[in-house]
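Everything quoted here is computed from the prediction, not taken from an experiment. Chain identifiers are assigned alphabetically (A, B, ...) following the order of the sequence lines, protein sequences preceding nucleic acid strands; residue numbering begins at 1 within each chain.
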Amino acid sequence: ADMTIGFSQIGSESGWRAAETTVSKAEAKKRNINFKIADAQQKQENQIKAIRSFVAQGVDAIFLAPVVATGWDSVLKEAQEAKIPVVLLDRDIDPAGKDLYLTAVTSDSVHEGKVAGEWLVKTAAGKPCNVVELQGTVGASVATNRKKGFEDGIAGASNVKIVRSQTGDFTRAKGKEVMESFIKAEGGGKNICAVYAHNDDMMVGAIQAMKEAGLKPGTEVLTVSIDAVPDIFKAMAAGEANATVELTPNMAGPAFDAIIAFKDKGTMPPKWIQTESKLYTQADNPMAVYESKKDLGY
Amino acid sequence: MIRFLSRLTPVLATAAVFLAGFVVCSLIYPNFASLRVVMNLLTDNAFLVIVAVGMTFVIISGGIDLSVGSVIGFTTVFLALAIERWGVPPLWAFVLILVICAAFGACMGAIIQYFELPAFIVTLAGMFLARGVSFLLSTESLPITADLYAHLSDHALRFEGGARLTVPALVMLAVVIGGMVLLHLTRFGANVYALGGSRTATGLMGINVARTTVLIYILSSVLAGLAGIVFSLYTSSGYSLSAVGVELDAIAAVVIGGTLLSGGYGFIFGSFLGVMIQGLIQTYISFDGMLSSWWAKIATGLLLFAFIAFQQLTLHLARRSRRAPAGVHP
Amino acid sequence: MALRLPRIGTSQIVALGLILVANWIVSPQFFDIRVQDGRLFGSLIDVFNRGAPVALLSIGMVLVIAMRGIDLSVGAVMAICGAIAASLADTHSLPVVLAAALGAGLLCGLWNGLLVAVLGIQPIVATLILMVAGRGIAQLITEGRIVTFTSPDLAFLGGGSVLGLPTPVVLTLGMMALTLALVRGTALGLMIEATGGNPRASALAGIGTRFITVGVYVWSGLCAALAGIVASADILGADANNAGLWLELDAILAVVIGGTSLFGGRFSIILAVVGAFIIQAMNTGILLSGFPPETNLVVKAVVVLTVLLAQSPRLGGHFAGIGVLFKRSKSGGKRS
Amino acid sequence: MHATETLPPPLLALTGFSKSFAGFVALDHVDFTLHAGEIHALLGENGAGKSTLIKAMTGVVHRDAGTLRLDGVAIAPRSAEEAVRAGIATVYQEVNLAPNLSVAQNLFLGRQPTRFGLVREGEMRRRARALLGEFGLSIDVSAPLESYSVAIQHIVAIARAVDQSARVLILDEPTASLDAHEVEVLFAVMRQLTSRGIGIVFVTHFLDQVYAVCDRITVLRNGRLAGSAPVDELPRLDLVRLMLGRELSEATSRRPPVVEGEARADVATFRGVGKAGTIAPFDLALRAGHVVGLAGLLGSGRTETVRLVFGAERADCGAAEVAGRAVSIGSPREAMALGFGYCPEERKTEGIVAELTVRENIALALQARRGALSPLSRREQDALAAKFIGLLDIRPPDPERPVGLLSGGNQQKVLLARWLATAPRLLILDEPTRGIDVGAHAEIIGLIRNLCREGMALLVVSSELEELVTYADEVVVLRDRAHVARLTGAQIEVSTILATIAEAPSSVPLSADAA
Ligand SMILES: Nc1ncnc2c1ncn2[C@@H]1O[C@H](COP(=O)(O)OP(=O)(O)OP(=O)(O)O)[C@@H](O)[C@H]1O
Ligand SMILES: Nc1ncnc2c1ncn2[C@@H]1O[C@H](COP(=O)(O)OP(=O)(O)OP(=O)(O)O)[C@@H](O)[C@H]1O
Ligand SMILES: [Mg+2]
Ligand SMILES: [Mg+2]
């Protein structure tokens with residue numbers, strides 16, 4: 001199809017997001033689509049500007065990875081008035097705006113957290129387990145949801161409880177710094193049974209902090225995090241990490257297919273195309289997964 | 001008249017640079033030279049222009065206000081909660097938030113004035129505080145569904161080709177004109193310039209420096225609050241992380257517009273143009289759309305450099321005729 | 001700025017002490033230090049170790065600010081140099097890696113310096129250009145990913161220790177000593193203060209203000225490069241997206257807490273470094289306290305304001321009042 | 001207390017004013033009384049506390065003790081604003097106006113004519129022109145203040161205060177950079193104000209001016225009241241003794257006559273040097289042991305001449321030769337490398353670095369010439385500071401005090417010291433004795449002569465012709481930004497110079513190679 005699609009990407013704040021961009025480009029190329037990407041540097045106002053400018057350019061469709069759930073009504077209405085279909089990638093928006101977009105290809109981040117929590121409950125197997133949590137950026141919807149999902153996941157198990165929770169801003173460096181202080185605050189780490197991080201990058205930092213403090217992550221301290229970026233599989237292969245929940249970077253593929261079908265045949269896609277939140281553990285041949293993922297642009 | 005023009009040189013240079021940039025973009029992208037793009041520039045940057053107007057006052061007086069971005073964020077969260085949760089009528093919520101912002105600005109101004117602390121740090125603390133309080137209020141993004149919002153965001157002067165002059169853009173234009181009148185035509189405005197020229201001298205000339213300083217920060221915070229209202233109209237929501245880093249964009253716009261960061265010189269209209277130049281760069285990059293995230297950043301930097309270098313050159317040529325001390329370089 | 005008789009920075013040191021005590025109150029094991037793998041280990045050590053990058057930045061920043069400038073690009077320069085170091089670490093020897101990274105920092109500083117001193121662009125805009133573009137360049141180098149490395153040589157700079165002290169702390173102290181030697185061992189410091197205090201008078205007194213301006217930006221670039229190397233070595237990888245993000249504000253804050261005026265003039269390198277550790281002590285305290293993260297910024301705001309109010313000339317510098325006790329025993333008011 | 005039967009009750013009465021700065025006593029129980037319609041001279045050496053007394057009076061400096069009564073009513077202004085509202089207008093010693101604002105805005109800041117809250121620019125400019133007209137000044141009032149010389153800025157400050165003064169006008173060294181004509185104009189205005197019942201406090205170091213306009217004198221010494229008396233009861237010599245606490249060794253005698261044709265080494269020669277729009281091309285020859293004075297009215301181009309010579313501004317034509325070698329002087333650094341030194345006129349903006357100590361300010365130029373990498377040791381700096389503090393009698397004699405905290409005259413001495421420390425071959429002095437007291441004045445003139453004797457070339461700008469004629473070997477007269485005449489030998493007389501300045505253009509031909 002000879003199509004131009006504009007993509008308002010959130011930014012390039014993490015390896016996962018870089019991979020999403022790379023994969024999206026590759027998928028567009030596969031389908032011969034003219035794909036324009038605008039990087040919003042984590043700012044909603046920039047995303048709105050980008051969408052407006054896509055409308056002004058007269059693209060055929062707009063992909064939007066919304067940085068926040070609210071505030072899209074008026075700009076999406078403008079796109080609608082210009083008869084340009086919008087597909088949400090990776091994150092959803094507020095239910096009030098349901099009829100303003102064609103479909104949403106997202107994972108459910110509450111579900112991701114829940115998967116992580118359930119894994120931990122299962123692994124702790126009834127033994128008392130103090131968890132420290134590395135949150136994402138304060139206020140980021142993913143952070144809020146992954147926290148909520150995890151809490152749901154462990155809700156039934158009174159033996160598992162979160163003893164400390166701080167933000168690590170989704171970064172390795174902060175993850176490491178925060179973990180260092182958790183270790184000191186929890187008696188040199190002896191009281192910590194498991195670490196839950198809202199993303200793998202923070203967990204990689206936390207693993208370093210634990211090793212430097214003489215702890216053995218993966219055995220003495222359980223780890224579970226989300227995203228499934230290649231480096232966590234390396235850690236898993238080395239026995240230093242236990243589990244991760246995958247968030248696929250390929251959101252654009254299904255979105256392209258939906259748009260093409262919609263444009264060519266008028267097929268209405270379902271309102272929500274949910275991607276899988278697959279749990280990986282050390283048992284899933286981490287080295288092989290690492291190899292398969294390492295060139296995806298993470 | 002010649003004197004007057006020569007004082008306007010920085011603004012004229014900025015205007016020339018903006019126009020040149022617009023023409024170049026239009027030559028590259030045929031869709032660019034449309035009313036729609038121009039109107040989008042006005043609407044999309046409305047809140048930024050509003051804070052930049054306040055920032056211009058602050059910077060001309062020799063200060064700086066780093067809190068504006070956080071104040072916008074706080075305002076949106078407060079409005080969302082007030083309107084949706086606490087059931088305050090939107091217009092009352094607007095009044096309330098502007099009063100809160102004024103008090104906030106007054107506190108910062110008073111601390112700067114009475115404790116003789118650098119504005120940079122006091123407003124940095126203000127920035128932490130405003131953002132921190134909005135986190136405490138709510139970390140979630142909250143939709144605003146009040147009728148007034150739906151009404152205002154639909155309301156716009158429509159032109160052909162889908163161009164719309166929206167309410168935020170109209171508010172912004174009013175603020176620019178009001179700001180120009182206040183700064184350039186009133187006693188208060190003259191005092192602001194005088195403060196930037198020399199704080200001690202202004203005091204010795206019998207101007208109430210304390211009052212002027214406090215008023216300047218009140219103005220900046222109130223305009224940030226107004227920008228927050230516009231932002232909440234623009235997005236129909238409140239979110240604690242909105243407008244992060246806007247203070248830097250605003251400062252950059254003000255300075256690109258020809259205002260001296262050291263105070264004493266500058267024009268509101270220059271700041272308006274400064275925002276427009278930044279908007280133009282962004283629009284150009286999204287029209288291009290082929291740049292990866294990093295190339296987009298590099299291009300933004302290079303374009304900024306090109307604009308500023310071109311502006312320096314224009315200024316240099318304009319000043320060539322006038323005397324400029326050599327060897328003495330600030 | 002009001003003129004004052006020279007003071008020594010006892011208020012900063014007292015502030016640092018009080019924050020450390022506050023940390024001890026929220027976390028009783030704060031002052032516990034043990035030896036772990038030949039390296040001192042404890043929350044107090046963390047303060048200095050984690051504070052090292054901002055301390056390094058503040059060493060360069062204080063000189064720039066003393067010259068009435070400002071350098072917003074340091075965070076981006078950190079990212080660039082960290083990215084270069086991490087990408088070369090596994091294929092080149094440490095000297096080559098360091099030379100490349102420091103060289104890049106030098107070039108960045110030179111660019112800033114030339115824009116300010118030769119083109120006459122206002123420092124905040126001149127360095128804003130590199131702040132925006134620099135992060136792009138860093139991401140270009142890493143292609144947006146986190147580039148990891150395994151070279152133990154480079155890793156040593158982040159996680160190793162010298163005589164029990166973490167390497168970043170040692171590097172910071174070394175850089176501070178070198179800078180002190182450079183500006184206080186020569187007349188450069190005096191010239192910087194004179195130029196910052198009154199640029200026109202200094203130029204008329206024959207000071208090569210242009211040259212010194214370029215020089216301080218270059219030095220700031222070098223300090224940022226070192227900070228970038230330390231940050232990369234710490235996490236065994238270069239995170240171009242986040243390395244040094246917003247650290248320019250922390251560095252400026254450190255300089256101001258250290259008593260240097262943003263309008264240029266008198267400066268103190270040691271107190272700027274103390275300022276950096278004050279900020280880190282506060283951050284570490286927040287992490288140890290166990291308060292929910294939503295309160296971080298509010299706590300930070302309150303602490304910053306308290307530290308500043310205590311330094312305010314209006315309040316007569318109550319911290320300094322305590323400090324007078326120390327001051328009497330020492331002679332002279334030589335700043336450094 | 002003097003009996004004041006003939007005078008009306010005091011307009012302004014200060015009693016027991018005291019002020020100390022961090023242990024340093026600047027004012028010690030000073031009393032001062034000003035009557036309506038009187039011009040009251042406040043005199044004293046540099047650092048005696050005159051400016052501090054004034055600032056304490058207007059509330060700019062918070063006094064430690066003392067009461068202030070205006071018309072018998074106790075007032076306590078806490079800021080300049082309150083003082084102005086009470087009817088006390090002041091011109092402080094350093095020009096205190098906003099350099100970036102237009103002249104008109106500066107004149108009317110805070111009291112601009114407005115309509116519906118908007119400033120009436122045209123009306124304000126008209127009033128500004130009228131006001132400055134009273135001072136014989138006709139300039140573009142919409143131009144920024146900083147584009148004018150200090151002297152003009154000073155007149156603007158005076159005009160602003162005069163226009164504001166309701167009861168009391170305080171003038172702290174208003175005449176320091178004015179020429180004779182401007183001073184006359186100012187005096188006329190002052191007399192007119194007193195006839196309206198306004199009381200004027202007048203600080204100056206020119207005793208002639210005291211006797212020309214003042215009714216009464218109060219003298220401060222070391223922060224204490226040394227005495228107060230009507231002018232006619234205090235003859236000159238008594239006054240000087242009261243101020244200094246000792247006799248003044250009269251140094252202002254005529255210079256020894258120069259032996260014509262005495263061979264002297266050329267230090268620097270300038271041919272056809274000028275800059276379009278600033279100063280017409282001029283020739284200038286500067287020789288060892290020779291003092292060239294520049295005389296002219298405000299804005300005649302004296303400062304511009306010396307700035308070109310020093311490379312502070314770049315000439316756009318002409319050639320310069322130093323010690324027989326053609327050179328191009330493009331910056332102060334290059335000039336200093338050639339052995340030039342330049343003590344600028346605007347000490348606040350171009351001279352001192354307020355935050356740095358006396359020692360550092362003195363060492364600055366010498367250090368710059370030596371280069372950053374060969375620092376003056378602390379001991380060398382201390383020695384330098386000690387030497388000049390002694391030589392120029394800088395007070396307080398504390399080398400570690402920030403210069404900004406010194407009195408105006410003492411700052412000027414530090415500035416002189418900075419350049420003397422470099423031992424230049426050619427020293428350029430722009431208004432070197434601005435704000436310097438009688439005692440130090442004589443010493444500095446003695447110093448200039450000594451330097452000359454030791455073979456230094458000097459180029460001096462001075463508005464004080466009496467002073468100029470005591471040491472100049474040659475006087476160049478400027479008018480309308482051009483060098484119009486060169487006077488030597490017996491021609492160097494105040495009257496001749498004045499006549500030359502006043503002459504119609506081109507009546508005194510300037511021969512390029514005269515002298
Ligand atoms: N803010 C200050 N801090 C410390 N000392 C000060 C301050 N202001 C003035 N002084 C000191 O007070 C003394 C009196 O200064 P003042 O300016 O009143 O002298 P003055 O009589 O006006 O001298 P001049 O004729 O040189 O202007 C000086 O020794 C000066 O150093
Ligand atoms: N009467 C005037 N009308 C307009 N501009 C003037 C006048 N007098 C001075 N100026 C301005 O002030 C500047 C300073 O002139 P300059 O310093 O060369 O004069 P000067 O002879 O040194 O007199 P001064 O005694 O003021 O130092 C001039 O370049 C001019 O811009
Ligand atoms: Mg004085
Ligand atoms: Mg002059």
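Considering all non-hydrogen atoms of both residues, C:A194 and D:V353 come closest at O-CG1, 3.8 Å. Counting all heavy atoms, side chain and backbone alike, C:A205 lies closest to D:A368 at O-CB, 3.3 Å. For the residue pair C:A201 and D:R418, the shortest heavy atom distance occurs at O-NH1, 4.5 Å. Across D:P375 and C:A187, no two heavy atoms sit closer than the pair CB-N, 3.7 Å.
Per-residue counts of heavy-atom pairs under 4.5 Å with chain C were compared for D:L364, D:T422, D:L366; the largest is that of D:L364.
Looking at heavy atoms from C-beta onward, C:L190 lies out of side-chain contact with D:L376 at the 4.5 angstrom threshold.
For D:Q412, the side-chain hydrogen bond (donor to acceptor under 3.5 Å, both in side chains) partners two or more places apart in sequence, or in a different chain, are D:R347.
A 6.0 Å sphere centred on CZ of D:F24 holds more than 12 heavy atoms belonging to other residues, nucleotides or ligands.
Separating the CZ atom in D:R333 from the CG atom in C:L204 is a distance of 13.0 Å, to the nearest 0.5 Å. Rounded to the nearest 0.5 angstrom, D:R369 CZ and C:I207 CD1 are separated by 14.0 Å. Between atom CZ of residue C:R266 and atom CD of residue D:E360 there is a gap of 4.0 Å, rounded to the nearest 0.5 Å. A distance of 7.5 Å separates CD in D:E355 from CD in C:E193, rounded to the nearest 0.5 Å.
Within the structure, ring pair (Phe, Tyr, Trp, His ring centres under 6.0 Å) contacts touching residues 340-383 of chain D (residues at least two apart or in different chains) are D:F310-D:Y342.
Salt-bridge formation is detected for the pair C:R200/D:E350: a Lys NZ or Arg NE/NH1/NH2 atom is positioned less than 4.0 Å from an Asp or Glu carboxylate oxygen.
A side-chain donor-acceptor contact under 3.5 Å links C:N198 to the backbone of D:I352.
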